[in-house]
Structures are given as C-alpha cells and as structure tokens.
There are 2 protein chains.
Amino acid sequence: MKKVSISDIARKAGVSVSTVSFVMNDKAVKMRISREVIEKVEHVAREMGYRPNQLARGLRTGKTKTIGLIVENISNAFFATLAKSIEDEAKKYDYKVVYCSTDNDEGKARELINMLSQRQVDGYIITPTLNLSEDICRLQSENKPVVLIDRYFPQHEEIPAVLVDNYEGVSRGMEYLIAKGYRKIALVSIETEMAHMKDRLRAYSDVLSRHGVEPQERLVKIVPYSSDHEAALKEVVELLASAGKDVDAVFFLTNYLGVLGIEAIKKLKIKVPTELAVLCFDDNDIFRLYTPTISVIRQPIEAIGQKAVSTLMERLKQPGEEPFPPQALIRLEADLIKRESI
Amino acid sequence: MKKVSISDIARKAGVSVSTVSFVMNDKAVKMRISREVIEKVEHVAREMGYRPNQLARGLRTGKTKTIGLIVENISNAFFATLAKSIEDEAKKYDYKVVYCSTDNDEGKARELINMLSQRQVDGYIITPTLNLSEDICRLQSENKPVVLIDRYFPQHEEIPAVLVDNYEGVSRGMEYLIAKGYRKIALVSIETEMAHMKDRLRAYSDVLSRHGVEPQERLVKIVPYSSDHEAALKEVVELLASAGKDVDAVFFLTNYLGVLGIEAIKKLKIKVPTELAVLCFDDNDIFRLYTPTISVIRQPIEAIGQKAVSTLMERLKQPGEEPFPPQALIRLEADLIKRESI
DNA sequence: AATTTAGGCTAAAACGTTTTAGTTCTTTTC
DNA sequence: GAAAAGAACTAAAACGTTTTAGCCTAAATT
C-alpha cells in the first residue's frame with residue numbers, strides 16, 4: 001500500500017491539485033469552490049485515507065509546527081517532568097515537540113542545535129550548556145525564536161529565559177535553616193560556571209553573612225559534573241562524616257545531589273534531623289517518602305514549562321524579519337516545602 | 001541572515017547545483033568531480049555555513065533518518081530511562097528520535113501515530129495501548145517497520161516486540177517469596193487488558209498453585225488506571241491494613257504501584273519485613289534508598305532499548321516492497337535484586 | 001451592446017534536494 | 001583519421017505541497 005498524495009485525490013475526484021489543496025486547507029470557501037466539489041473531494045480524501053506529507057508542506061511554507069526541545073538529560077526526573085509539561089502545553093497550540101539530551105556536553109549541544117535546525121524546527125526551548133550563547137544568538141538572527149529554560153546567560157538580555165528564582169529560593173531555604181538555629185550549614189553543589197548555580201551559591205553566602213556567620217570553605221563541597229556515582233558519593237560522605245560536630249545542617253543544591261546525599265546519610269547512619277538537618281533544592285518522590293521525609297525547595301516545574309511555551313509562541317507569531325524584542329528574565333517563585341528533615 | 005541553500009553555493013562557486021550536491025554527499029569521486037572543484041565547493045560551503053535542509057532531502061529520498069518513539073508517559077522514570085537508552089542507541093546508527101506520550105489513551109496513541117506518519121518517520125518504536133494492533137499493522141503494510149516495547153499483541157506474530165520476560169520475572173519473585181516461607185502473598189496490579197500484565201498475573205497464580213496455595217481473590221488488588229493518586233493510595237491502604245495477620249507479603253507489579261505501596265506502608269506504619277515482606281517489579285531510586293531497602297525484579301532497561309533499536313534497524317535496511325518477515329517475541333531476562341524487604 | 005464583476009476553477013512556479021541521463025571536450029584505440 | 005572511451009561536468013525531472021495569477025463562462029452594470 002503506497003502513500004496517497006494530493007494528486008491521487010485530484011485524479012480520482014476529477015479536479016485539479018490546487019482545488020484539493022484548497023479543500024484540505026479550509027480555503028475552499030475563500031477560493032469559491034462549490035459545495036459539491038468540496039464534498040466530493042472530502043469524500044475521496046477520506047476514502048483513500050489521505051494524510052498530508054508534512055515534509056512537503058514544511059518545505060513549501062517554511063513552517064513545520066514543530067519545536068525543538070533540548071534538555072540536559074531526559075532520564076532525569078526534573079527534566080522528564082519538564083519535558084512532559086512542555087509537550088502537553090505545546091499540543092494546545094498544535095505544535096509537536098522533538099526532544100534531545102545534551103548530557104551537559106557543549107559539543108553535543110551544538111550538534112543537536114544543528115540537527116534541529118536542519119530539520120527546520122520553528123523554534124527552540126533549550127537548557128543551555130556553557131558557551132552556547134553564540135550558537136543561540138545565531139538561531140535568533142536566522143529568525144528562529146529561542147527560549148532558555150532552567151538556565152540563562154546573564155550578559156544576553158536578548159535571549160528570553162524562564163527559570164525558577166534561584167537566588168530567592170535558596171535564600172528562603174537558608175533563612176529557614178538559620179531561623180531554626182542552625183549555623184554550621186554545609187552546602188553541596190555541582191561544578192559549573194553557569195549563572196543559575198552561581199546564583200544559588202551566592203544566596204548561600206549572602207544569607208550567612210547577613211546573619212553574621214562567616215562562610216567556611218570546608219563546609220562547601222562542589223562535586224565535579226563528570227564524576228561517577230561512586231566518586232561523587234565518596235565526596236559527600238567525606239563532607240558529612242563530621243555531622244553532629246562540625247556540621248549541623250546540609251543544603252543540597254540539586255535533585256540529583258540530594259539523592260546522593262540520602263545515600264551518604266544512610267551509609268553513615270546519621271540521624272536526621274537530630275544530628276543533621278537536611279534541605280534540598282528540587283523535589284523528588286524519594287524526599288516525600290524517605291524516613292524522615294526531607295524538606296525541599298520546590299520548583300514550579302509545570303509553570304516553567306507552560307511559560308516557556310507561551311513565551312515561545314508569542315515570538316513565533318511575530319511576522320517577518322524584525323529582530324526579536326529583548327525580554328527580561330522570567331523568574332518564577334519556588335516553594336519551601338517543610339517536612340521532617342528540618 | 002537567510003538560510004543558505006545548495007544553489008547559493010553553486011552560484012558562488014561557479015558550478016552547477018548537481019555538482020554541489022555530489023560533493024556534499026561524498027559522491028564527488030564516483031561522479032569524477034575534479035579535486036580542485038571539490039575543494040572549491042567544500043570551501044564555499046563551509047564559508048557560507050551551509051546546512052542541508054532535511055525536509056527537502058527527506059522529500060526527495062523518502063528517508064528522514066528519524067524514528068518515532070511512542071511511550072506511555074515520558075515523565076515516568078521507567079520510560080524516561082528507556083527513552084534515553086533508545087536515543088543514545090539510535091544515535092549510533094545516525095538516527096534521530098522523536099518522542100511522544102500516549103498517557104495510555106488509545107485515541108491519543110492513534111493521533112500520535114498519525115502525526116509521526118505525516119512527518120514521515122522511517123520507523124517506529126511503540127509502547128502500545130489496547131486495540132492499537134490494526135493501526136500498527138497498517139504502518140507495516142505501508143512498509144514502515146515497527147518494534148513494540150514493554151508490551152505486545154499475542155495474536156500478532158508479525159509485529160516484533162522487545163520486552164522483559166514478565167512471566168519468568170514474576171515467577172522468580174514468587175518462588176523467592178515462597179522459599180522464604182511466605183504464603184499469604186498479596187498482589188497489586190494495574191487495571192489493563194494488555195498481555196504483559198496478564199502474564200505477570202498468571203505467573204502469580206501459577207506459582208501459588210504449584211506450591212499448593214489456593215490464590216485468594218481478596219489478596220489481589222487491581223487499581224484502575226485512571227484513578228488519581230489519593231484514590232489509588234486508599235485502595236492499597238485497604239489491602240495492606242491487615243498486614244501481619246491475613247497478609248504476610250506483597251508484590252507490586254509496577255514501579256508506580258511500588259511507590260504508592262511505600263506510601264501506604266509508611267502511612268500504616270507497617271514494619272517491613274517483619275510484619276510484611278515487600279517485592280516490586282521494576283527498580284527505582286526509592287527502592288534502593290528507602291529504609292528498609294526494597295527487593296525488586298529489575299528489568300534490563302538498557303538492553304530493551306538497545307535490542308529494540310537494533311531490531312528496528314535490521315528491518316529498516318530491508319529494501320523495497322517485500323513484507324517484513326515474522327519475528328518471534330524477544331524476551332529479556334529480569335534480575336532479582338535481593339535487598340532488606342524480603 | 002460593450003464592459004465589469006463574480007463565480008468556479010486550473011496552470012504553473014516555487015520550496016531545496018537527489019539522481020538520471022546527457023553534453024562537451026579530450027584522450028585512446030585500431 | 002575515424003570511432004570509441006573516458007573525464008568532468010550540467011540540465012532537468014521529481015518528491016508533495018501551497019499559492020499566485022489567470023482562464024473561462026455567466027451574470028450584472030453601464
């Protein structure tokens with residue numbers, strides 16, 4: 001069974017290709033095609049099981065109704081949830097999503113942008129890696145709108161970004177720890193030069209200083225991105241080994257680190273929250289169900305996805321050649337979910 | 001900045017469009033294009049930042065180098081991991097993946113197949129819903145290969161499927177429970193007519209019978225797919241309320257149900273494994289880290305993804321019009337991971 | 001009666017590729 | 001010295017659409 005094309009229908013219905021096209025695109029009335037012909041064509045099309053070839057359509061119109069989504073790693077719960085929310089939201093606008101994962105690799109990210117661009121996606125939603133701003137600016141200069149999610153480039157006002165308010169979120173968490181009397185607060189973060197993580201780190205130091213606590217270097221552990229599970233675990237275990245003495249609380253700056261942290265805590269048999277208070281940035285099933293339950297700063301994942309899509313749609317419908325207007329960062333507030341770990 | 005096409009290059013290099021095409025596709029030598037011209041064209045192409053338009057290419061060649069992946073829900077850890085493994089594996093063959101989620105809705109699944117077919121993907125990897133076999137057979141009759149994952153249609157030998165050996169996996173788990181002396185084994189499954197879940201259920205009954213234990217209806221809880229979190233939780237809580245008396249072990253048949261189960265166990269403050277032994281089909285971070293750690297039957301997710309892709313590739317390179325050969329189910333073995341919960 | 005307007009359609013170009021079948025020289029071969 | 005072979009390219013069709021411009025007939029307006 002071969003695919004049926006518009007000209008097969010035209011032949012069978014005894015009309016021209018153009019007529020069929022008009023009917024299929026609801027332009028029949030505007031083009032004054034008669035009722036009978038419209039019905040005839042619609043009937044034949046249904047009968048033959050016609051389905052328009054989107055490649056041809058895209059080639060002709062320059063629009064594919066597809067958005068390219070680049071995340072760090074689709075198997076990570078945070079990005080998987082975000083992706084689903086973007087997929088669902090895009091569907092409302094009748095857009096399809098093509099995803100891919102960078103694994104936080106600059107080169108891979110570049111390849112992916114290339115690949116999506118070759119496939120003529122109409123716009124992009126990207127979790128950027130370091131040094132990607134040039135490539136992204138190029139996309140915009142080719143009139144393809146981009147919206148960043150989760151991360152941003154501080155010196156590029158012209159690239160819109162939707163993300164949680166990292167500084168505010170971490171500040172709120174820190175204030176809570178301080179308010180509860182903790183002063184020897186350890187921090188676990190991931191090694192990266194990217195601004196969103198720097199914002200989180202900055203909040204940590206700022207809140208400590210504001211309360212007259214000197215930030216101590218030995219309380220801050222930055223685990224290398226590339227390290228394997230075991231190596232990373234070892235680092236966290238080291239940091240928390242002195243829990244109850246030199247450390248009375250720990251703040252994990254990402255989901256993944258929090259899970260790692262739980263593993264370390266379990267291994268060291270640390271009593272939470274009596275020996276160590278625990279707080280994590282980003283929620284996860286595990287934090288809700290672990291004993292004790294772990295308090296978190298929860299990102300509004302759904303809202304980030306929705307806002308990213310709506311911002312992109314805004315730009316997609318902008319006609320022609322004008323460059324995109326600058327757009328300030330869109331920062332969404334995080335919630336502090338208080339559980340048993342602090 | 002407009003996109004640069006093959007004819008822009010041709011003009012600038014002073015050669016014909018065909019020549020450029022040959023050079024870009026490494027057919028230059030075969031077509032006896034001279035060294036100088038090749039270099040000239042390559043230079044101009046690089047200089048102008050040429051990137052082939054895959055729509056046009058796909059339209060002309062009928063191949064898009066894209067595979068459509070349909071899963072139940074990309075935000076579910078199992079499918080997210082599977083998707084990542086498929087994405088990585090496909091990349092090795094230089095194929096791109098387009099994913100989408102059915103949310104287990106038959107209609108939605110059909111829409112997605114339609115959409116992917118319109119986008120001319122070369123082949124499909126599908127987690128099917130009920131009643132989807134006809135649509136899938138249609139794809140194959142249009143010469144688009146399909147590989148099912150995780151689930152299958154028992155009466156359709158012509159559609160290849162890659163999945164864990166569900167019967168064997170659950171049997172192994174049950175034998176373990178029996179060997180440990182448990183006899184009042186409860187089961188929690190999800191409502192579905194699909195064969196993979198029926199296989200799991202059958203294994204449960206068969207093993208019990210083989211050991212002279214009469215399967216009891218009140219020990220089997222089938223939670224409706226559509227029920228919300230709270231409702232589903234309530235069902236599990238009901239089942240487990242008599243733990244320690246009428247129930248001495250519980251086997252959750254999916255990842256999601258296991259998480260729900262932990263929630264119920266936590267709520268009921270059941271002591272595991274003394275009052276209740278716990279086993280779950282599918283691993284998850286939570287099972288590894290919960291106290292006590294939960295034993296699981298682990299699916300070989302990576303292997304499923306890899307095998308699905310390689311099976312698809314096998315069929316993709318089959319030339320022309322011949323129908324696809326039948327292909328027996330590919331069942332991969334699951335591992336029993338023994339932890340503290342039993 | 002001659003021109004306009006409207007109604008109902010179609011021809012053909014265009015989108016950016018790939019690929020088949022040439023074309024035009026130059027060099028061999030007999 | 002004519003025919004054949006080889007080298008180095010090119011013209012043009014085709015893939016399946018959309019869309020602009022236009023054709024033809026009939027009705028309406030001057």
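Naming convention: chains lettered A, B, ... in sequence-line order (proteins, then strands); numbering from 1 in each chain.
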[X] side chain near [N] phosphate (N/O to OP1/OP2, under 4.0 Å):
{"X": "B:Lys27", "N": "C:dT19", "value": "yes"}
{"X": "B:Ser34", "N": "D:dA7", "value": "no"}
{"X": "A:Thr19", "N": "C:dT10", "value": "yes"}
{"X": "A:Arg32", "N": "C:dG7", "value": "yes"}
{"X": "B:Asn25", "N": "C:dT18", "value": "yes"}
{"X": "B:Thr61", "N": "C:dT18", "value": "no"}
{"X": "B:Arg57", "N": "C:dT18", "value": "yes"}

Could you state the atom-to-atom distance from [atom1] of [X] to [atom2] of [N] in whole Å?
{"X": "B:Arg60", "N": "D:dA14", "atom1": "CZ", "atom2": "C1'", "answer": "5 Å"}
{"X": "A:Asp8", "N": "D:dG16", "atom1": "CG", "atom2": "P", "answer": "8 Å"}
{"X": "B:Gln54", "N": "C:dC15", "atom1": "CD", "atom2": "C1'", "answer": "15 Å"}
{"X": "A:Phe22", "N": "D:dT18", "atom1": "CZ", "atom2": "C1'", "answer": "8 Å"}
{"X": "B:Met31", "N": "D:dA7", "atom1": "CE", "atom2": "P", "answer": "13 Å"}
{"X": "B:Asn53", "N": "C:dC15", "atom1": "CG", "atom2": "P", "answer": "12 Å"}
{"X": "B:Glu36", "N": "D:dC9", "atom1": "CD", "atom2": "P", "answer": "7 Å"}
{"X": "B:Lys30", "N": "D:dA8", "atom1": "NZ", "atom2": "C1'", "answer": "16 Å"}

Legend entry - Closest to side chain of A:Ser18, choosing from C:dT18, D:dT19, C:dT17: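 Closest of the options to the side chain of A:Ser18: D:dT19.
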
Legend entry - Contact summary for A:Met194 and A:Thr129, nearest pair of heavy atoms: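 What the structure gives for the nearest pair is SD-C, 3.6 Å.
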
Legend entry - Carboxylate-amine/guanidinium proximity below 4.0 Å for B:Arg46 and B:Glu42: no

Inset, instruction - Flag the pair B:Glu89 and B:Lys92 as a salt bridge only when some basic side-chain nitrogen lies within less than 4.0 angstrom of an acidic carboxylate oxygen. - result: yes

Legend entry - Nearest-nucleotide comparison on DNA chain D, the residue closer to the 5′ end among A:Leu55 and B:Ser16: B:Ser16

Legend entry - First of B:Val17 and A:Leu59 reached from the 5' end of DNA chain D, by closest nucleotide: B:Val17

Inset, instruction - Determine the contact category for A:Ser21: base if any of its heavy atoms lies under 4.0 Å from a base atom, sugar-phosphate if only primed atoms, P, OP1 or OP2 are that close, otherwise nothing. - result: base

Legend entry - B:Gln140 (side chain) donor-acceptor with B:Glu158 (main chain) under 3.5 angstrom: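 Yes; at least one donor-acceptor contact below 3.5 Å.
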
Legend entry - Donor-acceptor side-chain pairing of A:Thr64 and A:Asp122 below 3.5 angstrom: yes

